[in-house]
Amino acid sequence: MDDLTDQQQQRIKKLDTLRELGVQPYGTRFDATDRAGQLIRLHGEKSKEVLEREQLRCRFAGRIVALRRFGKAAFAVLQDGADRLQVYLKKDLLGEQGYRVCEMLDLGDWIGVSGQLFRTKTDEFTVEVRELTFLSKALRPLPEKWHGLTDVETRYRQRYVDLIANPSVHEIFATRSRIIAGVRAFLIEKGFLEVETPMMQPIPGGATARPFVTHHNALGMDLYLRVAPELYLKRLIVGGFPRVFEINRNFRNEGISTIHNPEFTMLEFYVAYADYTDLIGLTEELIARLGKEIFGTTTIEYQGQQIHLAPPWRRWSYRQAILEVNGLDSSVLSDRTAAMKAAARLKVEVEKNADLVTILNEIFEETVEPKLVQPTVITDYPIEISPLARRKDSDPSLTDRFELYIAGREIANAFSELNDPLDQRKRFEAQVAQREAGDEEAHYMDEDFLRALEHGMPPTAGEGIGIDRLVMLFTNQASIRDVILFPQLRPEK
RNA sequence: GAGCCGCUAGCUCAGACGGUAGAGCAUCGCCCUUUUAAGGCGAGGGCCCUGGGUUCGAGUCCCAGGCGGCUCACCA
């Protein structure tokens with residue numbers, strides 16, 4: 001007890017006093033017939049006179065987030081979900097015993113109240129409490145009322161405190177939930193089946209990324225946390241589900257930054273008989289609908305930039321974008337030396353022995369991506385950087401693929417799936433060769449996936465949307481940690 | 001991984017040139033039955049991130065480390 005702060009000791013003392021008063025400081029159920037938000041919506045606009053006439057009774061619960069005492073009376077503000085409602089505690093109405101309980105209240109405690117709605121002298125919509133039920137004692141103090149909790153580290157480590165102290169944080173995560181619910185509703189409406197595929201995979205596939213490894217004791221084998229659900233979802237297309245989607249976590253054993261968390265939420269969906277161009281329209285519809293349904297507009301602001309989500313979005317081929325943004329001659333597309341010179345002139349750093357595709361991709365990422373502020377669909381990616389995408393009929397060096405960029409960031413990646421098992425085998429073999437050459441992110445051979453394709457996969461288009469980044473965009477957050485409830489951090493000590 | 005910045009009371013922050021560690025809020029005591037950053041009077045509260053070093057003396061200067069943020073590199 002000696003290592004407790006004075007405030008913690010005071011609260012434990014009050015805990016004991018409550019028990020002496022016959023109050024259980026950690027109670028059981030409270031029959032809240034009302035919610036603060038409901039009361040505010042239904043009656044919050046009524047005048048003093050109307051409230052006096054109607055004599056409305058109510059019963060709700062919440063956490064004390066503000067407390068102003070006056071000797072024989074007090075005002076407390078209760079937080080119930082996203083809403084705050086003031087209650088008035090008066091000795092006359094609560095009695096000697098009841099008011100002793102009030103004197104034991106602290107910021108952070110949970111209480112239930114029943115009473116009558118009224119308006120104070122200062123016109124504040126308030127509950128005059130007739131009965132108070134103590135629900136739970138907080139043994140630690142809340143952050144300061146004015147500045148709240150601003151220390152970023154504490155906000156991430158103790159998200160529960162962040163959520164109490166910062167209503168805007170509470171709102172961001174409520175919005176995140178609505179976005180995911182909106183995505184789910186949209187896809188289900190479009191005839192998709194929601195499925196769950198393994199998070200622990202014997203062969204990690206579906207993305208070029210380093211996996212986490214874990215071990216299953218009973219099976220005596222290593223398993224990988226998935227880097228993508230892609231190969232399993234395609235197995236389901238083979239199995240005869242024509243439209244499937246999954247919203248779930250992916251895990252990548254890579255660096256952490258403002259746009260990377262080791263575990264992140266991914267939406268992937270697959271449509272049989274469709275090609276990538278069908279998905280462009282579907283994506284336009286989805287994003288615009290989310291804007292309208294959740295924010296009532298298709299114009300949003302992200303980090304000071306106005307972004308117009310209403311379709312149609314600009315479409316630009318990967319190669320055209322590289323040429324036009326930089327005013328380059330089309331020779332760079334086929335001439336490695338010309339591409340190298342262009343990179344040097346554009347101050348794009350490229351490894352000395354990089355191949356043409358890598359040079360062009362560096363140029364794309366450095367010079368084109370940051371310019372794609374308004375939603376832009378980039379199409380026709382080179383085959384070398386699209387190992388799972390279908391080859392373009394009109395140009396075998398390209399794929400039937402697009403990526404959606406908004407605010408300079410990749411939001412979606414979609415392509416017509418490669419369903420030729422022999423071609424897929426060759427590409428896996430190429431990946432395996434790269435892996436053997438030291439590329440830890442290259443794909444593994446997945447014989448079972450090939451076997452599935454050999455059973456015949458209908459023409460299919462698939463797409464992935466990074467949910468965290470989508471939420472960042474819609475909630476105007478610069479860091480992924482501000483849209484993930486418990487971002488990954490090193491241990492405290 | 002590299003660079004820059006930060007770490008002082010429960011919270012938000014001050015602490016020039018090295019000389020007994022401060023404020024506001026919160027807490028505790030007294031007063032106060034319509035306040036809303038309530039108010040008045042009084043009081044308590046510190047491993048100054050950790051470990052070394054320099055010095056008569058270190059929150060402050062030096063070295064090493066920890067944790068976090070931002071920027072850069074890989075990735076979505």
Side-chain angles (χ1 to χ4, degrees), chain A residues 3-11 13-14 48 65-77 84-94 99 102 106-108 118-126 128 138-158 161-162 164-165 206-211 227-228 249-268 349 351 362 365-366 369 403-405 409-413 439-441 464-470 472 478-482 487 489-493:
Chain A
D3 53 351
L4 295 182
T5 65
D6 61 330
Q7 304 202 46
Q8 288 174 307
Q9 292 181 28
Q10 288 297 340
R11 283 167 183 246
K13 237 169 83 185
K14 290 177 185 173
K48 195 178 183 102
V65 292
L67 189 58
R68 296 176 284 275
R69 299 179 188 281
F70 293 87
K72 296 188 183 64
F75 286 97
V77 177
R84 293 179 168 202
L85 181 52
Q86 180 172 267
V87 301
Y88 182 46
L89 303 159
K90 195 156 75 158
K91 194 169 187 177
D92 290 353
L93 291 168
L94 294 165
Y99 203 70
C102 284
D106 281 304
L107 248 40
F118 79 112
R119 250 173 215 293
T120 64
K121 274 182 191 164
T122 50
D123 214 36
E124 177 90 6
F125 183 61
T126 303
E128 188 179 68
L139 296 182
R140 291 175 185 267
L142 248 29
E144 189 222 1
K145 59 190 163 191
W146 194 242
H147 301 92
L149 179 67
T150 61
D151 181 77
V152 181
E153 184 171 356
T154 311
R155 287 189 44 231
Y156 295 152
R157 287 196 195 281
Q158 302 181 37
V161 180
D162 189 27
I164 298 164
T208 47
R210 289 237 293 272
V227 295
R249 228 66 65 77
N250 287 350
F251 307 86
R252 298 191 184 173
N253 204 341
E254 290 161 356
I256 295 179
S257 77
T258 48
I259 49 172
H260 299 92
N261 194 62
E263 54 181 303
F264 61 100
T265 302
M266 192 75 182
L267 160 69
E268 285 200 12
E349 283 184 36
E351 279 184 38
E362 288 291 333
E365 287 176 4
E366 289 289 314
E369 281 188 15
E403 289 202 0
L404 165 64
Y405 286 85
R409 234 173 248 164
E410 183 189 332
I411 296 292
N413 178 20
D439 182 354
E440 286 187 66
E441 296 185 352
I465 296 181
I467 293 293
D468 311 280
R469 292 190 182 173
L470 189 68
M472 286 169 72
S479 171
I480 199 168
R481 296 183 198 97
D482 292 316
L489 299 176
R490 284 196 169 85
E492 268 179 85
K493 273 175 193 167

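Below, read A as the first sequence line, B as the second, and so on, with proteins coming before strands; counting in each chain starts at 1.
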Just wondering, do A:Pro143 and A:Val161 contact through their side chains at under 4.5 Å, heavy atoms?
yes
Searching all strands shown, indicate the nucleotide that pairs with B:rG1 (Watson-Crick or G-U wobble; both distances under 3.5 Å).
B:rC72
Counting C-beta onward and ignoring hydrogens, is there a side-chain heavy-atom pair between A:Leu94 and A:Leu89 closer than 4.5 Å?
yes
Please report the distance separating the P of B:rG69 from the corresponding atom of B:rC32, rounded so that it comes out in whole Å.
49 Å
With sugar-phosphate meaning primed atoms plus P, OP1 and OP2, does A:Gly464 contact a base, only sugar-phosphate, or nothing at under 4.0 Å between heavy atoms?
nothing
What is the glycosidic conformation of B:rC17: syn, defined as within 90° of 0, or anti?
syn
Need one value for A:Asn253: base, sugar-phosphate or nothing, where a base atom within 4.0 Å counts as base even if backbone is also close, heavy atoms only.
nothing
Proximal nucleotide (of B:rU27, B:rU35, B:rC67) relative to the A:Thr126 side chain:
B:rU35
Let's test this: given Watson-Crick or G-U wobble pairing with both distances under 3.5 Å, identify the partner of B:rC56.
B:rG19
If the P atom of B:rC61 is compared with that of B:rG18, how far apart are they to the nearest Å?
8 Å
Heavy atoms under 4.0 Å, any strand shown: does A:Leu489 hit a base, just sugar-phosphate, or nothing?
sugar-phosphate
Of A:Arg252 and A:Glu128, the one whose closest nucleotide on RNA chain B sits nearer the 5' end is A:Glu128
CG of A:Leu93 versus P of B:rU33: gap in Å, rounded?
14 Å
Round to the nearest Å and state the distance from A:Ile164 atom CD1 to B:rG10 atom P.
18 Å
Expressed as a whole number of Å, how far does the P atom of B:rG52 sit from that of B:rG1?
26 Å
Is any side-chain heavy atom of A:Pro262 less than 4.5 Å from a side-chain heavy atom of A:Ile256?
yes
Could you tell me if the side chain of A:Leu142 sits less than 4.5 Å from the side chain of A:Ile164, heavy atoms only?
yes
Name all residues meeting the salt bridge (Lys or Arg N to Asp or Glu O under 4.0 Å) criterion together with A:Lys91; count only those two or more places apart in sequence or in a different chain, and write none if there are none.
A:Glu96
For A:Gln158 and B:rC11, what is the distance between atoms CD and C1' respectively, to the nearest whole Å?
11 Å
Partners of A:Glu403 by salt bridge (Lys or Arg N to Asp or Glu O under 4.0 Å), sequence neighbours excluded?
A:Arg401
Between B:rU33, B:rC13, B:rU34, spot the one nearest the side chain of A:Ala73, thanks.
B:rU33
Whole-Å distance, A:His147 NE2 to B:rA23 C1', equals 12 Å
My understanding is that only residues two or more places apart in sequence, or in another chain, count here; which of them pass side chain to side chain contact (heavy atoms under 4.5 Å, CB included) with A:Thr120?
A:Phe75, A:Gln86, A:Phe118, A:Thr122, A:Glu124, A:Thr126
With a 4.0 Å limit, can you tell me whether A:Lys48 has a side-chain N or O closer than that to the phosphate oxygens OP1/OP2 of B:rU34?
no
Need one value for A:Glu410: base, sugar-phosphate or nothing, where a base atom within 4.0 Å counts as base even if backbone is also close, heavy atoms only.
sugar-phosphate
Take atom CG of A:Leu107 and atom P of B:rU35, then tell me their distance rounded to the nearest Å.
20 Å
For atom C1', what is the distance between B:rC67 and B:rC49, given to the nearest Å?
8 Å
Less than 4.5 Å apart, any side-chain heavy atom of A:Asn250 and any of A:Val227?
no
Between B:rA23 and B:rC41, how far is it from one P atom to the other, in whole Å?
15 Å
Would you indicate, yes or no, if B:rU35 has its OP1 or OP2 atom less than 4.0 angstrom from a side-chain nitrogen or oxygen of A:Lys121?
no
Let's test your reading of the model: under 3.5 Å, does the base of B:rU35 pair with the side chain of A:Gln86 as donor and acceptor?
yes
Sort out the partner of B:rC7 for me: Watson-Crick or G-U wobble, both distances under 3.5 Å, none otherwise.
B:rG66
Roughly how far apart, to the nearest Å, are B:rG39 and B:rG24 at atom P?
12 Å
Calculate the interatomic distance between A:Glu144 atom CD and B:rA37 atom P; express it in whole Å.
13 Å
Does B:rC41 have a Watson-Crick or wobble mate here (both distances under 3.5 Å), and if so which one?
B:rG29
Interatomic distance at C1', B:rC17 relative to B:rC72, whole Å:
37 Å
Among B:rC67, B:rG10, B:rC25, the one nearest any side-chain atom of A:Pro141 is B:rG10
N/O-N/O pairs, protein side and nucleotides 42-49 of chain B side, under 3.5 Å:
{"residue": "B:rG44", "atom": "N2", "partner": "A:Asp6", "partner atom": "OD2", "Å": "2.5"}

If you pin A:Pro491 and A:Thr208 to their nearest nucleotides in RNA chain B, which one's is more 5'?
A:Pro491
Residues forming a salt bridge (Lys or Arg N to Asp or Glu O under 4.0 Å) with A:Asp162, sequence neighbours excluded
A:Arg155, A:Arg159
Would you give the length of the straight line joining atom CE of A:Met266 to atom CG of A:Asn413, rounded to the nearest 0.5 angstrom?
7.0 Å
Which nucleotide sits closest to the side chain of A:Lys14: B:rU35, B:rC28, B:rG69?
B:rC28
Would you tabulate the pairs of protein nitrogen or oxygen atoms and nucleotide nitrogen or oxygen atoms of nucleotides 70-74 of chain B closer than 3.5 angstrom?
{"residue": "B:rC70", "atom": "OP2", "partner": "A:Arg481", "partner atom": "NH1", "Å": "2.8"}
{"residue": "B:rC74", "atom": "O2'", "partner": "A:Glu441", "partner atom": "OE2", "Å": "3.4"}

Is the phosphate of B:rU35 approached by A:Arg68 (side-chain N or O, under 4.0 Å from OP1 or OP2)?
no
Nucleotide nearest A:Trp146 when distance is taken to its side chain, options B:rU12, B:rA37, B:rU34:
B:rA37
A:Thr120 side chain N/O closer than 4.0 Å to the phosphate oxygens (OP1, OP2) of B:rU35?
no
What is the separation between atom CG on A:Leu67 and atom P on B:rU27, rounded to the nearest whole Å?
8 Å
How far, in whole Å, is B:rG51 from B:rC13 if one measures between their C1' atoms?
27 Å
Sorted by chain and residue number, the salt bridge (Lys or Arg N to Asp or Glu O under 4.0 Å) partners of A:Glu128 (sequence neighbours excluded) come out as A:Arg130
Nearest-neighbour nucleotide for the A:Phe70 side chain, B:rU12, B:rC67, B:rU35 considered
B:rU35
Regarding A:Asp151, tell me which of base, sugar-phosphate or nothing describes its non-hydrogen contacts under 4.0 Å with the strands shown.
sugar-phosphate
Please report, rounded to the nearest Å, how far the P atom of B:rG40 is from the CZ atom of A:Arg69.
18 Å
Identify which nucleotide among B:rC32, B:rC11, B:rA26 has an atom closest to any side-chain atom of A:Lys72, counting heavy atoms from C-beta outward.
B:rC32
Would you say A:Arg490 places a side-chain N or O within less than 4.0 Å of OP1 or OP2 belonging to B:rG68?
yes
Test ring-ring contact (aromatic ring centres under 6.0 Å, His included) applied to A:Tyr99 - qualifying residues, sequence neighbours left out
none
Sequence neighbours excluded - salt bridge (charged side-chain N to carboxylate O under 4.0 Å, His left out) pairs with any residue from residues 250-263 of chain A
A:Arg249-A:Glu263
